[in-house]
Amino acid sequence: MNRFIAFVKKEFLHIFRDYRTMLILFIMPIAQILIFGFAITTEIKDASIAILDKSKDEVTRELTQKLLSSGYFNNDAYLTSESQIEPAFNDQRVKMVVVFEPEFGRNLQKEGTANVQLVCDASDPNQARMLSQFAEGIFASYASQGVVKGIQPEVRMFYNESLEGVYMSIPGIMAMILMLVSAMMTSISITREKEYGSMEVLLISPLKPLQIIMGKVTPYVMMALINAVSILALGYFVFGVPVKGSIILLLMECLLFTILALSLGILISTVAKNQMVAMFMSMFALMLPVILLSGFIFPVENMPLPLRIISNIIPPKWFIIIVKTIMLKGGGLLYVWKETLILIGFVVLFVTLSVKKFKIRLQ
Amino acid sequence: MIEFKNIHKSFEDVHAVDDVSLRIEEGELFGFIGPDGAGKTTLFRMLNSLLIPDEGQINLFGLDPVKEYKKVRQIIGYMPGKFSLYYDLSIEENLQFFATVFGTTIEENYHLIEDIYKQIEPFKKRPAGKLSGGMKQKLALSCALIHKPRLLLLDEPTTGVDAVSRREFWEMLQKLKEKGITIVVSTPYMDEAGLCDRVALMQNGKIHAVAPPSEIVSQFSDPLYTIKVKNNYKSLQALRQWEFCENVYPFGETLHYLDKRNNVSADVIEAYLSSQQLTFDKVEMIQPDIEDCFIALTHNVG
């Protein structure tokens with residue numbers, strides 16, 4: 001046990017003394033989440049919308065004015081009938097159509113409520129959600145100014161009605177960063193020992209292969225968990241992404257995924273001869289599938305069948321489903337036990353493989 | 001006692017170790033002498049269980065490095081040819097780490113490393129990567145010794161180390177030998193051979209001779225001449241073409257010359273050099289050293 005602790009301590013010293021490692025471990029995740037996060041939010045500036053005003057009274061004109069002067073929206077066209085909505089979307093010019101019901105102003109005065117429909121092009125789900133929320137906000141503030149009780153905006157999403165993929169970025173970034181930190185950093189740190197020749201001495205020592213592997217992995221488990229927490233915190237405080245479900249469960253799932261990524265990293269290090277190879281293998285074998293096939297950027301449902309099948313063996317896909325369910329839908333273990341089991345299966349597979357492949361001799 | 005029996009090891013098409021058999025006694029300071037690529041490192045790695053021989057058996061104090069590698073690894077202190085400690089850890093942290101990993105403490109075996117460690121102790125907070133070659137070597141030796149091994153296995157420990165540190169290092173090895181540790185060392189430097197109890201001359205994976213250095217030198221019976229000339233290259237060419245020439249090779253600033261005849265004198269050689277219009281300072285018979293023996297042994301084979 002003393003041996004193990006000494007080994008872990010040594011690993012921590014390696015991490016803390018190398019500013020590049022520290023940079024990758026702590027600055028990069030923050031930078032990434034901010035970049036990804038803002039890349040999604042900043043697009044709501046001067047978005048083109050169209051107005052279909054079936055009422056054409058003073059209230060609707062005032063509301064239209066408010067929408068357009070908000071700075072978020074640019075009027076592209078006034079439509080005259082519902083049949084024009086779809087062509088407007090297809091032209092790729094308009095992102096949202098605001099439809100006022102007939103007699104909008106009168107209804108508002110008489111009954112205190114009136115209906116407005118916000119039709120969004122949800123092929124870009126993040127933007128669609130953002131636009132409709134802004135518009136709703138503008139209506140709400142108008143309504144709260146007095147006289148009337150409320151405007152009832154009804155939001156309709158075209159092309160992607162369930163709005164799959166909103167808030168997708170946070171779970172995706174989490175999967176990506178945990179994968180990167182865990183798999184890449186461990187594979188590099190193990191191959192570094194090979195490259196510097198210290199592995200030769202470690203092998204000669206009474207340390208068991210499992211102790212060497214666990215010693216390498218332990219510091220990164222802690223680092224990755226710190227990262228997971230900071231991503232969640234950033235998501236919550238900067239982007240307002242809530243955690244509806246149990247945080248404990250979410251962190252446990254993060255831990256599980258981290259262990260999975262670490263075992264992958266070890267597997268890579270048993271194959272790679274030096275740090276460069278290890279890094280490229282982690283980049284190409286792990287990062288690209290995580291980004292492209294896990295559903296992080298492109299929804300899995302929209303992929304062709306062969307890719308959909310391949311995506312099943314991409315562990316982050318399952319992790320992203322778990323995180324989404326817990327964070328956004330507030331689901332408990334009952335809802336994610338299947339995915340959790342799949343992750344556990346991957347861990348067992350990779351750990352067995354890497355302990356078997358870890359060589360007690362050279363060559 | 002360490003025993004190699006008909007050891008073979010190949011890497012793809014390279015026969016790195018070719019039928020090596022020899023015995024090293026306990027408590028001996030034994031040297032493997034040979035140029036780079038002779039197969040010394042491969043032999044060491046088979047002894048310390050990091051490689052498995054293709055053929056043959058190794059007996060290390062009654063243990064088999066192939067089957068009983070765990071026990072073997074406990075009793076060996078190994079210093080690889082490449083500096084293989086952690087560059088970002090300080091002297092003290094490196095030593096502490098290896099002590100703990102080998103299940104001991106610095107205090108417990110401090111008496112073993114005291115002489116060596118004392119010299120680098122003033123810098124113990126300095127990262128190992130910032131040490132000079134000689135200091136790195138002392139640290140590596142301390143780390144290899146910290147668990148009180150029965151066998152100290154040093155792979156080219158003096159390569160890349162200055163002359164003064166090399167001499168100090170060999171003095172340290174003598175002291176360790178007095179403490180009863182068996183030391184097996186490899187080196188490409190012929191001058192270090194004389195400091196071992198026995199040496200094995202190795203080239204191309206083969207052992208050419210195993211004997212105490214003095215014996216190896218005394219087996220060299222042919223008269224050897226050192227020739228100091230103005231133009232080494234021209235003289236070398238001329239001597240090589242001489243029908244009586246057994247071998248001639250540059251040795252430092254002079255040439256060493258071996259004649260095929262037994263009773264040749266310096267005058268005869270001088271006469272030949274004059275006949276070739278070569279100017280020389282002096283031709284004189286000398287005692288061969290271990291390097292001459294090595295060259296002679298490998299020359300005969302080639």
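Chain letters run A, B, ... following the sequence lines, proteins first and then strands; every chain starts at 1. This one's a predicted model, so the numbers in the text were calculated from it and none came from an experiment.
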> Given that the side chain runs from C-beta out, which part of B:F83 has a heavy atom under 4.5 Å from chain A: side chain, backbone, both or neither?
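Only the backbone of B:F83 comes within 4.5 Å of chain A.
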> Mind ranking B:C143, B:G103, B:P127 by heavy-atom pairs under 4.5 Å with chain A and telling me who comes out on top?
B:G103
> Report the residues that fulfil side-chain contact (heavy atoms from CB on, under 4.5 Å) with B:E93, sequence neighbours left out, ordered by chain and then residue number.
A:L13, A:R17, B:L89, B:S90
> For A:L202, is it the side chain, the backbone, both, or neither that has a heavy atom closer than 4.5 Å to a heavy atom of chain B?
side chain
> With a 4.5 Å cut-off on side-chain heavy atoms, are B:K82 and A:E200 touching?
no
> Is there side-chain contact between B:F102 and A:R3, with heavy atoms separated by less than 4.5 Å?
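SC-SC contact between B:F102 and A:R3 ruled out.
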> Where does B:P65 contact chain A at under 4.5 Å (heavy atoms): side chain, backbone, both or neither?
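Just its backbone gets close to chain A.
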> Just checking heavy atoms, which of residues 226-234 of chain A are less than 4.5 Å from chain B?
none
> Find out whether A:L203 and B:L50 are in side-chain contact, i.e. whether some heavy atom of one side chain is under 4.5 Å from a heavy atom of the other.
yes
> Quick one: OH on B:Y86 to NE2 on A:H14, what's the gap to the nearest 0.5 Å?
5.5 Å
> For A:M214, look at atom CE and say whether over 12 heavy atoms of other residues, nucleotides or ligands are found less than 6.0 Å away.
no
> Against chain A, work out which of B:R45, B:K70, B:R73 has the most heavy-atom pairs shorter than 4.5 Å and name it.
B:R73
> Got more than 12 heavy atoms from elsewhere within 6.0 Å of CE, A:M22?
yes
> Any side-chain heavy-atom pair from B:L85 and A:S198 closer than 4.5 angstrom?
no
> Is the number of heavy atoms from other residues, nucleotides or ligands under 6.0 Å of A:F12 CZ greater than 12?
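For A:F12, atom CZ is crowded (more than 12 foreign heavy atoms under 6.0 Å).
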> Which residues satisfy the side-chain hydrogen bond (donor to acceptor under 3.5 Å, both in side chains) test with B:T158, sequence neighbours excluded?
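B:T158 satisfies side-chain hydrogen bond (donor to acceptor under 3.5 Å, both in side chains) with B:E192 only.
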> Using side-chain heavy atoms (C-beta onward) and a distance below 4.5 Å, is B:F98 in contact with A:S205?
no
> Considering residues, nucleotides and ligands other than B:K175, do more than 12 of their heavy atoms fall under 6.0 Å from its NZ?
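Counting other residues, nucleotides and ligands, NZ of B:K175 stays at 12 neighbours or fewer.
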> Give me the atom names and distance for the closest heavy-atom approach of A:V201 to B:P80.
CG2-CG, 3.8 Å
> Got more than 12 heavy atoms from elsewhere within 6.0 Å of CD1, A:I247?
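No, because the 6.0 Å sphere around CD1 of A:I247 holds 12 heavy atoms or fewer from other groups.
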> Does any part of the side chain of A:Y196, heavy atoms only, come nearer than 4.5 Å to the side chain of B:S84, both counted from C-beta?
no
> Please say whether more than 12 non-hydrogen atoms of neighbouring residues, nucleotides or ligands are located less than 6.0 Å from CD in B:E3.
yes
> Could you check whether atom CE of A:M283 has more than 12 heavy atoms from other residues, nucleotides or ligands sitting under 6.0 Å from it?
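Not buried by this count: 12 neighbours or fewer within 6.0 Å.
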> Can you tell me which residue pairs pass the salt bridge (Lys or Arg N to Asp or Glu O under 4.0 Å) test with a partner in residues 206-219 of chain A, sequence neighbours excluded?
A:E11-A:K216, A:E193-A:K216
> With a cut-off of 6.0 Å (strictly less than), are more than 12 heavy atoms of other residues, nucleotides or ligands near OH of B:Y189?
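Yes - once you tally the heavy atoms of other residues, nucleotides and ligands closer than 6.0 Å, there are more than 12.
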> With rounding to the nearest 0.5 angstrom, report the NE2 to CD1 distance, B:H147 to A:I204.
9.0 Å
